[in-house]
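Here's the structure, in structure tokens; my notes come after.
The shown structure was predicted, so the numbers you read here are calculated from the model rather than taken from an experiment. The figures here come from the full heavy-atom set of this structure, side chains too, leaving out hydrogens, waters and symmetry mates. Position 1 is the first residue of the sequence, and the numbers go up from there.
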Amino acid sequence: QGRIIAGPQPCTIGGVTYTFWQIQWTDCAVGWSAQNWLKKISSATISCELYSLSVIASTPNAAELGPTPGRFTITRTGGTGTALLVNYTLGGTAQNGVDYLSLSGTVTIPAGANSADVTVTPIADALIEASETVILTLSGSSAYTTGSPSSATVTIADNATPSDIT
């Protein structure tokens, strides 16, 4: 498994013209591939291109009333030719699946895109409580590095009105 980094390149071997693509394999080796076979014209070991990720709270204020969702945006630097699965953890004072709709801990940045959103949809409850926080922190992976910022916070406002609080 790998990704195309150059090509197509026509090459004539023994009077037959083939179309080659230069491939960077998942082990970082580089070779040439044509018609589902590998022809080692030139190969080298190179440093794998790692994506660097960062996260911001693009909509930092959410509310139980409505509800009004909050949003994290995870952005990658590097190429956009392939989809990228991103892992994250959730913390803060709000509980996943209790104070907001359950989030899985993964999001995919689609091929052709440099970012993906994680939406925090609050769950309205009858409790009168202070604002609660959701902290998303990027988790490490062999497919990317975590840049800065690597965590962000969305605040969920309670649906209580001032007259409810005494």
Side-chain angles (χ1 to χ4, degrees), residues 1-7 21-30 44-166:
Q1 199 174 28
R3 65 184 178 108
I4 296 172
I5 58 175
W21 289 267
Q22 190 175 29
I23 307 292
Q24 179 180 9
W25 305 106
T26 54
D27 66 358
C28 297
V30 174
T45 301
I46 62 169
S47 298
C48 284
E49 176 188 12
L50 290 179
Y51 300 104
S52 180
L53 300 181
S54 61
V55 61
I56 62 167
S58 48
T59 306
N61 298 310
E64 289 180 2
L65 188 62
T68 302
R71 183 168 289 111
F72 296 102
T73 299
I74 299 171
T75 303
R76 67 172 161 183
T77 59
T80 61
T82 60
L84 180 64
L85 180 69
V86 178
N87 301 304
Y88 61 85
T89 60
L90 297 165
T93 57
Q95 293 181 334
N96 189 11
V98 175
D99 295 306
Y100 54 94
L101 294 180
S102 187
L103 296 173
S104 68
T106 63
V107 66
T108 299
I109 301 176
N114 66 354
S115 66
D117 291 336
V118 175
T119 300
V120 177
T121 304
I123 297 172
D125 56 33
L127 300 174
I128 297 173
E129 55 198 350
S131 292
E132 297 173 292
T133 59
V134 180
I135 302 171
L136 185 147
T137 302
L138 298 172
S139 300
S141 168
S142 61
Y144 56 82
T145 60
T146 54
S148 182
S150 61
S151 66
T153 303
V154 166
T155 301
I156 301 173
D158 191 45
N159 60 358
T161 63
S163 63
D164 294 331
I165 302 171
T166 57

Check: T155 and P60 side chains under 4.5 Å, non-hydrogen atoms: no
Residues which pass side-chain hydrogen bond (donor to acceptor under 3.5 Å, both in side chains) with T73, listed by chain and number, not counting sequence neighbours: S58, D117
Of all pairs that satisfy salt bridge (charged side-chain N to carboxylate O under 4.0 Å, His left out), the ones with a partner from residues 130-143, not counting sequence neighbours: none
Set of side-chain hydrogen bond (donor to acceptor under 3.5 Å, both in side chains) partners for T133, sequence neighbours left out: T93
Any side-chain heavy-atom pair of T80 and Y51 under 4.5 Å: no
Over all atoms of both residues, closest heavy-atom pair of S148 and S54: O-CB, 3.8 Å
Nearest non-hydrogen partners of S139 and T146, listed with the distance: O-CG2, 4.0 Å
Under 3.5 Å donor-acceptor, N159 side chain and D125 backbone: yes
Y144 and T77, any side-chain heavy atoms less than 4.5 Å apart: no
Separation of L101 CG from T121 OG1 (nearest 0.5 Å): 5.0 Å
Minimum-distance pair of heavy atoms, taken over all atoms of P110 and S115: CD-O, 4.1 Å
For S104, side-chain hydrogen bond (donor to acceptor under 3.5 Å, both in side chains) partners two or more places apart: T106
Minimum side-chain heavy-atom gap V107-I74 below 4.5 Å: yes
Rounded distance [0.5 Å steps], OH in Y88 versus CD1 in I135: 14.5 Å
Residues T59, V154; criterion side chain to side chain contact (heavy atoms under 4.5 Å, CB included); working and verdict: CA-CA 7 Å; T59 306; V154 166; over 6 Å; no
Sequence-distant partners of R76, salt bridge (charged side-chain N to carboxylate O under 4.0 Å, His left out), two or more places apart: none
Minimum-distance pair of heavy atoms, taken over all atoms of D158 and I128: OD2-CA, 3.6 Å
Side chains of Y100 and V134 in contact at under 4.5 Å (non-hydrogen atoms): yes
Rounded distance [0.5 Å steps], CD in E64 versus CD1 in I156: 7.0 Å
Euclidean distance, L136 CG relative to S151 OG, rounded to 0.5 Å: 8.5 Å
With T153 via side-chain hydrogen bond (donor to acceptor under 3.5 Å, both in side chains) - residues at least two apart: none
From OG1 (T75) to CG (L53), nearest 0.5 Å: 8.5 Å
Other residues, nucleotides, ligands: >12 heavy atoms within 6.0 Å of L65 CG: no
Heavy-atom pair of closest approach, residues S141 and N87: CB-ND2, 4.4 Å
Any side-chain heavy-atom pair of T108 and L84 under 4.5 Å: no
Over all atoms of both residues, closest heavy-atom pair of P122 and P67: O-CB, 3.5 Å
